[in-house]
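One structure is given here, and the rest of the page talks about it.
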Amino acid sequence: MKKLLLAATVVLAPIAVAADPVKGVWQTEPDDGAYSHVKIASCGSKLCGTIIRSFQRKEDNSGWEQYESKNIGRKLLYDMVADGEDSYSGKAWWPSRDREIRGSMTLNGKNRLRAGGCVLGGIVCIRQTWKRIK
């Protein structure tokens with residue numbers, strides 16, 4: 001019986017990890033005139049959010065255009081672990097300040113993610129609501 005339970009755990013564990021509802025591609029809110037698409041996926045046993053596309057305002061302010069940001073490929077969220085129902089904590093990188101901060105994210109329904117973090121013991125914080133792209 002123990003062998004059967006162990007085998008079931010080994011087989012089903014990857015399915016549970018793959019089904020994490022926060023995984024996918026998310027659009028950030030604009031910050032300093034740009035926004036990004038962030039892919040949240042497994043990084044070992046934890047979750048990471050990597051910038052995969054960046055967009056900036058067109059010069060004529062008629063909308064947004066994709067551009068080759070130096071931040072593409074950079075992790076915006078990392079070492080994220082579940083710490084409650086639909087909530088995660090770990091570390092985040094604040095691009096406009098080029099600073100690592102204590103990060104968190106909370107899934108709100110299926111298509112909204114509240115992401116952000118704080119420094120100085122919570123005195124200075126940034127929070128954004130991201131929307132799911134896919």
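In what follows, residues are counted from 1 in the order of the sequence shown.
Partners of Gln66 by side chain to side chain contact (heavy atoms under 4.5 Å, CB included), not counting sequence neighbours, listed by chain and number: Arg53, Phe55. Looking at residues two or more places apart in sequence or on another chain, you find no side-chain hydrogen bond (donor to acceptor under 3.5 Å, both in side chains) involving Tyr35. In this view, Asp83 and Ser87, Ser89 satisfy the side chain to side chain contact (heavy atoms under 4.5 Å, CB included) rule, not counting sequence neighbours. With sequence neighbours excluded, the residues that form a side-chain hydrogen bond (donor to acceptor under 3.5 Å, both in side chains) with Gln128 are Trp130. The salt bridge (Lys or Arg N to Asp or Glu O under 4.0 Å) check on Lys39 picks up nothing, with sequence neighbours excluded.
Side chain of Ser36 to backbone of Thr28: no donor-acceptor contact under 3.5 angstrom is found.
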For residues 105-118, which side-chain donor-acceptor pairs fall under 3.5 Å, sequence neighbours excluded?
unit_1	atom_1	unit_2	atom_2	d
Asn111	OD1	Arg132	NE	3.4
Arg114	NH1	Thr129	OG1	3.1

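Taking both residues in full, the closest heavy atoms of Pro95 and Asn71 are given as CB-ND2, 4.5 Å, listed atom of the first, atom of the second, then distance. Taking each heavy atom of Lys23 and Ser42 in turn, the nearest pair found is NZ-OG, 2.8 Å. Closest of all the heavy-atom pairs between Val22 and Leu47 is CG1-CD1, 3.4 Å. Across Ala92 and Leu77, no two heavy atoms sit closer than the pair CB-CD2, 3.9 Å.
The stretch residues 82-114 participates, sequence neighbours left out, in no disulfide bond (SG atoms under 2.5 Å apart) pair at all. The disulfide bond (SG atoms under 2.5 Å apart) analysis of residues 54-90, with sequence neighbours excluded, yields no pairs. A ring-ring contact (aromatic ring centres under 6.0 Å, His included) check over residues 71-114, counting only residues at least two apart or in different chains, returns nothing. Residue pairs satisfying the salt bridge (Lys or Arg N to Asp or Glu O under 4.0 Å) criterion with at least one member in residues 58-76, sequence neighbours excluded, are listed as follows: Arg74-Asp98. Under the disulfide bond (SG atoms under 2.5 Å apart) criterion, the residue pairs touching residues 44-102 are Cys43-Cys48, with sequence neighbours excluded.
By the neighbour-count criterion of 12 heavy atoms within 6.0 Å, atom CZ of Arg127 is densely surrounded, having more than that number from other residues, nucleotides or ligands.
In this structure, Met80 and Lys46 have side chains that are not in contact, with every pair of non-hydrogen atoms separated by 4.5 Å or more. Ile101 has its side chain within reach of Ile126: a pair of non-hydrogen atoms, C-beta onward, lies under 4.5 Å apart.
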Using the rule given for side-chain contact (heavy atoms from CB on, under 4.5 Å), can you reason through Val25 versus Ile52, listing the C-alpha separation, both sets of side-chain angles and the distance that settles it, and then say yes or no? CA-CA 9 Å; Val25 179; Ile52 59 171; 3.9 Å; yes

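Here Tyr67 sits alone; no ILVMFWY side chain lies under 4.5 Å from its own, so it joins no hydrophobic cluster.
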